[in-house]
Amino acid sequence: MEEKTEIAPREKKPRHTALLVFACAVLLTVVTVLCLGGNDSGIALPTGSAAPTEQMEQDRYQLTNASITTDNVQQVIASMSRPKAYTASVTNTLYWSGSWETIYAMQYVRDGVCLTGYFDTEGNVERYQAIKNGTYYAWRNGGTVQYAGAAGVVSADDMSMIPTYETVVQEEKESILAAGERTVNGEACIYVTVNDSQTGYSLTYWVSAVSGLLVQADYNRGSELVRSVVIDNIRQEEPSEGFFLMPDGTSLLADDTAA
């Protein structure tokens, strides 16, 4: 297994703002695409009308032991860390009133840079967005215009549409509804469900005990699934340097990259 680095303490992001931050990330995408040119938003959202399947307890999740509990899951999460470099695909699905929309993306991480490529409805990478040292970058795939500006409150996880599971460490213990260890596609994972009494939402994370990366997260309002995030095809190796080249030829991996 590759060497892992310790995760720096994170400022607590209130859980009831998770969907709001996600919406802000999408809004930032729209604004950026308009800055880059084009008549559409650049966001490809396949839609459907099928009712979502229950995802809180899918068949592939099987309880393996009871060593992880609501009493110790915060300590377990705090002891985990992410790899220095990896590539993963991200599927983000929103559900409402019997309909759904899905965003597909690819995440590339290395040398402190998180790059996300977003796919259109035909499966082609349409645009790239990245965060490095508090700066946000964006450009269209094959385009000549690029954008750079302050990332503000939007983190690399937000930009990749991934809820930051490490925030579990700062939660009040009383808000943790369930925790344990399960296998996801044959891989040992820690799961934990956290409740937000102010909004009625609960969020369940499944974190790989092998890679330290989130593999799935489900947002529920009562018994209703409103958003599901699946991270798979994880490869723990450095992505090619070519992914990190912006239209002007500047590499995001360079130490002197400026906004």
Side-chain angles (χ1 to χ4, degrees), residues 1-11 13 21-22 24-38 41-44 80-90 92 103-120 123-166 211-214 231-259:
M1 184 181 299
E2 294 188 14
E3 182 182 356
K4 298 181 179 180
T5 56
E6 292 295 327
I7 297 176
R10 298 172 180 266
E11 181 179 355
K13 182 184 296 181
V21 171
F22 171 71
C24 290
V26 173
L27 178 61
L28 180 57
T29 297
V30 174
V31 172
T32 301
V33 170
L34 292 176
C35 291
L36 295 178
S41 68
I43 299 178
M80 302 177 73
S81 59
R82 307 190 196 191
K84 294 179 180 178
Y86 59 91
T87 302
S89 61
V90 183
N92 208 293
I103 302 173
Y104 299 98
M106 201 74 183
Q107 186 183 47
Y108 308 91
V109 176
R110 63 172 288 180
D111 300 342
V113 182
C114 180
L115 171 70
T116 303
Y118 295 89
F119 293 89
D120 59 22
N124 302 311
V125 177
E126 184 178 46
R127 68 192 184 281
Y128 290 99
Q129 298 180 73
I131 288 187
K132 174 185 178 181
N133 297 332
T135 300
Y136 165 80
Y137 302 87
W139 64 94
R140 286 184 179 274
N141 186 24
T144 59
V145 181
Q146 62 195 48
Y147 170 88
V153 298
V154 179
S155 70
D157 278 349
D158 296 326
M159 193 53 58
S160 297
M161 304 169 294
I162 298 174
T164 304
Y165 74 84
E166 290 92 347
S211 67
L213 295 172
L214 185 75
I231 300 94
D232 56 9
N233 300 317
I234 297 172
R235 299 191 299 274
Q236 292 191 56
E237 57 189 35
E238 284 194 343
S240 171
E241 295 181 0
F243 287 115
F244 298 86
L245 289 176
M246 294 186 288
D248 66 356
T250 302
S251 174
L252 287 168
L253 304 178
D255 293 336
D256 59 351
T257 302

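Keep in mind the model is a prediction, meaning the values are calculated, not measured.
Arg110 places a side-chain N or O within 3.5 Å of a backbone atom of Pro239 that can act as its donor or acceptor partner. Looking only at distances, a side-chain donor or acceptor of Ser240 sits under 3.5 Å from a matching main-chain atom of Gly242. Between the side chain of Ser160 and the main chain of Ile162, no donor-acceptor pair closer than 3.5 Å is present. No side-chain donor-acceptor contact under 3.5 Å links Asp111 to the backbone of Val113. Looking only at distances, a side-chain donor or acceptor of Gln146 sits under 3.5 Å from a matching main-chain atom of Asp248.
Looking only at side-chain heavy atoms (C-beta outward), Gln236 and Ser211 come within less than 4.5 Å of each other. With contacts defined as side-chain heavy-atom distances shorter than 4.5 Å, the pair Val154/Tyr136 does not qualify. Inter-residue side-chain proximity for Tyr86 and Gln107 is flagged as met; some heavy-atom pair is nearer than 4.5 Å. In this structure, the side chains of Ser155 and Ile131 stay at 4.5 Å or more apart for every pair of heavy atoms. Counting heavy atoms from C-beta on, the side chains of Thr87 and Glu237 never come closer than 4.5 Å.
Remark: Met161 CE to Met159 CE distance equals 10.0 Å, nearest 0.5 Å. Here the OH-CG distance, from Tyr165 to Asp157, works out to 9.5 Å after rounding to the nearest 0.5 Å. The CZ atom of Phe119 lies 13.0 Å from the CD1 atom of Ile103; values are rounded to the nearest 0.5 Å. Atom CD in Glu126 sits 9.0 Å away from atom CG in Asn141 (nearest 0.5 Å). Taking CG of Asp232 as the start and CG of Leu213 as the end, the distance is 12.0 Å to the nearest 0.5 Å.
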Side chain to side chain contact (heavy atoms under 4.5 Å, CB included) between Arg140 and Val145: does it pass, once the steps are laid out?
-> CA-CA 7 Å; Arg140 286 184 179 274; Val145 181; over 6 Å; no
Mind running side chain to side chain contact (heavy atoms under 4.5 Å, CB included) on Phe243 and Met106 for me, showing each step along the way?
-> CA-CA 11 Å; Phe243 287 115; Met106 201 74 183; over 6 Å; no
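Closest of all the heavy-atom pairs between Gly117 and Tyr128 is CA-CD2, 3.7 Å. The shortest heavy-atom contact between Pro247 and Gly143 is CB-O, 3.5 Å. Scanning both residues, Leu245 and Trp139, for their nearest heavy atoms gives O-CZ2, 3.7 Å.
The aromatic rings of Phe244 and Tyr108 sit perpendicular, their planes meeting at an angle over 60°, well past the 30° parallel limit.
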